[in-house]
Amino acid sequence: MREILIDCLLVFAVGGGFCVIAQLLIDYTKITPARILVTYVVAGVILTAVGIYEPLVKLAGCGATTPLTGFGYSHARGVEYAVRDRGLVGALTGGLSGTAGGITAAMTCGFIAALVFNGKPKT
Amino acid sequence: MTEGFASIGKNRGVLTVPNPPTIRAWATVVGKKEHDGPLGGDFDLHAEDDRFGMDTWEKAESEMQRLALGLLLKKSGCREEDIGAVFAGDLLNQCTGSSFGLLDYGIPYFGLYGACSTMAEGMMLSSLLVGGGYFSQAAAVCSSHFCSAERQFRTPIEYGGQRTPTAQWTVTGSGAVLLSADGCGPYITEVLPGISVQKGITDANNMGAAMAPAAIDTLARYFASSGAQPDDFDAILTGDLGQVGHDITADMLYAMGYDIRRVYNDCGLMIYSSQSQDVHAGGSGCGCSASVICGHVLKKFACGDYKNILFVGTGALMSTTSVQQGLPIAGIAHLVRISAEKPAGTIGG
Amino acid sequence: MNLDAKTYQNYVKAYAKKSPSPKNCIAAFLVGGSICLLAEGFYRLYLHLGLAEASVRILTPVTIIVLTAIATGFGVFDCLAKFAGAGTLVPISGFANAVTSPAIDNKAEGLVMGVGAKMFIIAGPVIVYGTLASVIWGVIYYFLHGRGIV
């Protein structure tokens, strides 16, 4: 029980921590939210490449995989797997296959939402 | 112009409108948030869901202009053929809000783009043409809609993001005025066309700061060329500078020797409650000054609270492309003086 | 009064209110942490239900994406995001909202050029640069792996 609680705290702290860094960038620099998303994904690929992200995922689970850096981690993991499996051509296929689930789910949900919902005014 | 402010040379001072035309009628149509604001009771029509019965936000904006001009005709008792021309504008690409909204009316149409200064620009041009004797009556209409503006200039409506404290909220509203050669006031007696002024502001979330130099330039030229003093007016109202632009304008004009602070306010600060409506620096958009002037201010003239005011419509001249390419945002400010009485010695007065 | 652009820009800085950062950071931390914790909950639930770990790794973010799409459609996601800032932006919910919101918003422009094309107006760059970075890492990895370094 105590172990689960510690795990949950780690998930919360790491996930929340990623968000706080982004919030500081939004509030104190001119970086727009769209650029933050791009930066986070690329940072996720780099951190995985240098071997920092894998231990973080082991430590914090979804606290590390849910932020967009985790999307970059999936890109990097996917490409590593594909290169081992198929050689250099894997560099072209691995990144997208690693993130295919997320991207396809977002596209499918987006399309269904567009069919079902209409825009609402903001108040 | 990027350096300094314009000198008051030939052709840069105030224009006295010949045979000052009367603002014979006015009409406003607003959204729910504006209706819920402090001036809510001053507006003629509002919609509960901001859609005005239409299936797109762009059609909703056009519908607001159609309703505003229709109401204007009804209030003034005029028919379409009595009106010489209508000057109309909005913020949408190629001014489709106005052109589509006014399709139903068989009135000669001039599409204007003065960004959020369009109401002042329309009032200025129609007053000059009516005063100059070209038309016996002319109308000015403009609008903005939060959702159509958000879609065009910022992000999708349902996109989750935070606004910076300097950002402004686009007013969902439309205002219309009818100017007539005959009538007993209030009159448009003087106008001063704005000069675009650019001071290197590139942040599209800080339009107040981008527009303030233009408002300062126009007001300084007005005071210097007309000899009028700020205290001659019951109110000096800028269009949509918001909190940031309002403070800059008041302070810089004070430093230049014109203390407008006692009578100065900004339509963007009047239309919403800064405490309860979460609009950050205030309202913006063509519909902001249009609804405040045509709803609130002209009502004050009708009941005698105002005798003399300056309305300075302010606009930020930019597009999404220019902002993405990093180009600075220029401002423009058109001035219109509205008076309950014709100045002594006016031609035809 | 003469005023050059540089002087004016410095002058303006004093007037612009700063974002309330400590408050924003706390909100981002709490909401962002909660979304990750929710994901962790689904992750453990799916494992508990006996699903293969490889599937669970995909199903967990997909669950957050589906929930975000629903919240976006009902118009509640943007209200939460206004409070949470980076707390909803950085988790996969930010990506899902970036795809779903223009899809709903551009319905009137048609299913192809409206929904289909505008879906990626914000999220597209994320996919482009993430994929580009993975290609570069893939090539490097190929040589490192060939020499037995990784």
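Since the structure is predicted, the reported quantities are computational estimates derived from the model, not experimental observations. Protein chains get the first letters and strands the later ones, always in sequence-line order, with residue 1 at the start of each. Values below: every heavy atom of this structure, side chains too, minus hydrogens, waters and symmetry copies.
The shortest non-hydrogen separation linking C/Ile65 to A/Cys109 is CG2-SG, 4.1 Å. When every heavy atom of A/Val38 is checked against every heavy atom of C/Pro125, the shortest pair comes out as CG2-CB, 3.7 Å. Closest approach of C/Cys36 and A/Gly15 over heavy atoms only: SG-CA, 3.5 Å. The minimum heavy-atom distance linking C/Met119 with A/Met107 is given by the pair CE-O, 3.5 Å. Listed here is the closest heavy atom pair of C/Ser134 and A/Val79: O-CG2, 3.3 Å. Closest approach of A/Phe117 to C/Lys107, counting heavy atoms only: O-NZ, 3.1 Å.
Contacts with chain A were tallied for C/Thr131, C/Thr100, C/Val62; C/Thr131 has the most, counting heavy-atom pairs under 4.5 Å. Highest contact tally toward chain A, considering only C/Leu30, C/Ile35, C/Ile140, C/Thr88, is held by C/Leu30 [criterion: heavy-atom pairs under 4.5 Å]. For the options C/Gly73, C/Gly32, C/Ala133, heavy-atom pairs under 4.5 Å to chain A are most numerous at C/Gly73. With respect to chain C, the highest number of heavy-atom pairs below 4.5 Å among A/Gly119, A/Pro67, A/Gly78, A/Gly87 belongs to A/Pro67. In terms of heavy-atom pairs under 4.5 Å with chain A, the best-connected choice from C/Ser34, C/Ala69, C/Gly85 is C/Ser34. Per-residue heavy-atom pair counts under 4.5 Å with chain C were compared for A/Ala91, A/Ala60, A/Cys19, A/Gly110, and the maximum is reached by A/Cys19. Chosen from A/Ala100, A/Gly72, A/Ala49, the residue pairing most often with chain C at heavy-atom distances under 4.5 Å is A/Ala49. Ranked by heavy-atom pairs under 4.5 Å with chain C, the list A/Ala34, A/Gly61, A/Ala76 is led by A/Ala76. By number of non-hydrogen pairs under 4.5 angstrom with chain C, the leading residue of A/Ile46, A/Val83, A/Val41, A/Val116 is A/Val83. The candidate with the highest count of non-hydrogen atom pairs below 4.5 Å against chain C, out of A/Ile103, A/Leu92, A/Thr104, is A/Ile103.
Here A/Leu24 contributes atom CG and C/Ser19 contributes atom OG; the two are 11.0 Å apart, rounded to the nearest 0.5 Å. Rounding to the nearest 0.5 Å gives a distance of 11.0 Å between CD1 of C/Ile127 and CG of A/Leu37. With rounding to the nearest 0.5 angstrom, the CZ atom of C/Phe95 is 7.5 Å from the CG atom of A/Leu68. To the nearest 0.5 Å, atom NE2 of residue A/His75 and atom CG of residue C/Leu132 are 9.5 Å apart. Atom-to-atom distance recorded for A/Thr66:OG1 and C/Ile92:CD1 is 8.0 Å, nearest 0.5 angstrom. Here the CD1 atom belonging to C/Ile58 is positioned 9.0 Å from the OG atom belonging to A/Ser74, to the nearest 0.5 angstrom.
Residue contact with chain C, scored on non-hydrogen atoms closer than 4.5 Å, involves the side chain of A/Arg77 exclusively. Contact annotation for A/Tyr81: neither backbone nor side-chain heavy atoms come within less than 4.5 Å of a heavy atom of chain C. In this structure, chain A has no heavy atom under 4.5 Å from any part of C/Asp105. Neither the backbone nor the side chain of A/Ala82 comes within contact range of chain C, judged by heavy atoms closer than 4.5 Å. Neither the backbone nor the side chain of A/Ile112 comes within contact range of chain C; no heavy atoms are under 4.5 Å apart. No part of C/Ala108 comes within reach of chain A, as not one of its non-hydrogen atoms sits under 4.5 angstrom from that chain. With a 4.5 angstrom heavy-atom cutoff, A/Tyr28 touches chain C only via side-chain atoms. For a residue to count as touching a neighbouring chain, one of its non-hydrogen atoms must lie under 4.5 Å from one of that chain's; by this rule C/Val135 touches chain A with backbone and side chain alike. For A/Ile26, the part lying under 4.5 angstrom from a heavy atom of chain C is the side chain only. With a threshold of 4.5 angstrom between heavy atoms, A/Val11 approaches chain C through its backbone and through its side chain.
Ring planes of A/Phe12 and C/Phe29: perpendicular class, angle over 60° (limits at 30 and 60°).
Between C/Thr60 and A/Cys62 the shortest side-chain heavy-atom distance falls below 4.5 Å. Looking only at side-chain heavy atoms (C-beta outward), C/Arg44 and A/Asp7 come within less than 4.5 Å of each other.
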- request: List the steps, then state whether side chain to side chain contact (heavy atoms under 4.5 Å, CB included) holds for A/Asn118 with C/Ile104.
  value: CA-CA 6 Å; A/Asn118 283 314; C/Ile104 297 173; 5.9 Å; no
message: side chain to side chain contact (heavy atoms under 4.5 Å, CB included) for A/Cys8 and C/Leu37? Distances and angles first, verdict last.
response: CA-CA 7 Å; A/Cys8 287; C/Leu37 198 57; 3.7 Å; yes
task: Begin with the C-alpha distance, continue with both residues' side-chain angles, and end with the deciding distance and a verdict on side chain to side chain contact (heavy atoms under 4.5 Å, CB included) for A/Phe111 and C/Leu111.
output: CA-CA 9 Å; A/Phe111 183 76; C/Leu111 287 179; 4.2 Å; yes
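With a 6.0 Å radius and a threshold of 12 heavy atoms from other residues, nucleotides or ligands, A/Arg86 has its CZ atom at or below the threshold. For C/Phe120, the CZ atom sits in a packed shell: over 12 heavy atoms of surrounding residues, nucleotides or ligands are nearer than 6.0 Å.
Residue A/Glu80 is tested with C/Tyr142, C/Trp137, C/Tyr141 for a side chain to side chain donor-acceptor pair (under 3.5 Å); the sole match is C/Trp137.
At distances below 3.5 Å, not a single donor-acceptor pair connects side-chain atoms of A/Gln23 with backbone N or O atoms of C/Ala28. No donor-acceptor pair under 3.5 Å is formed between the side chain of C/Lys18 and the backbone N or O of A/Asp27.
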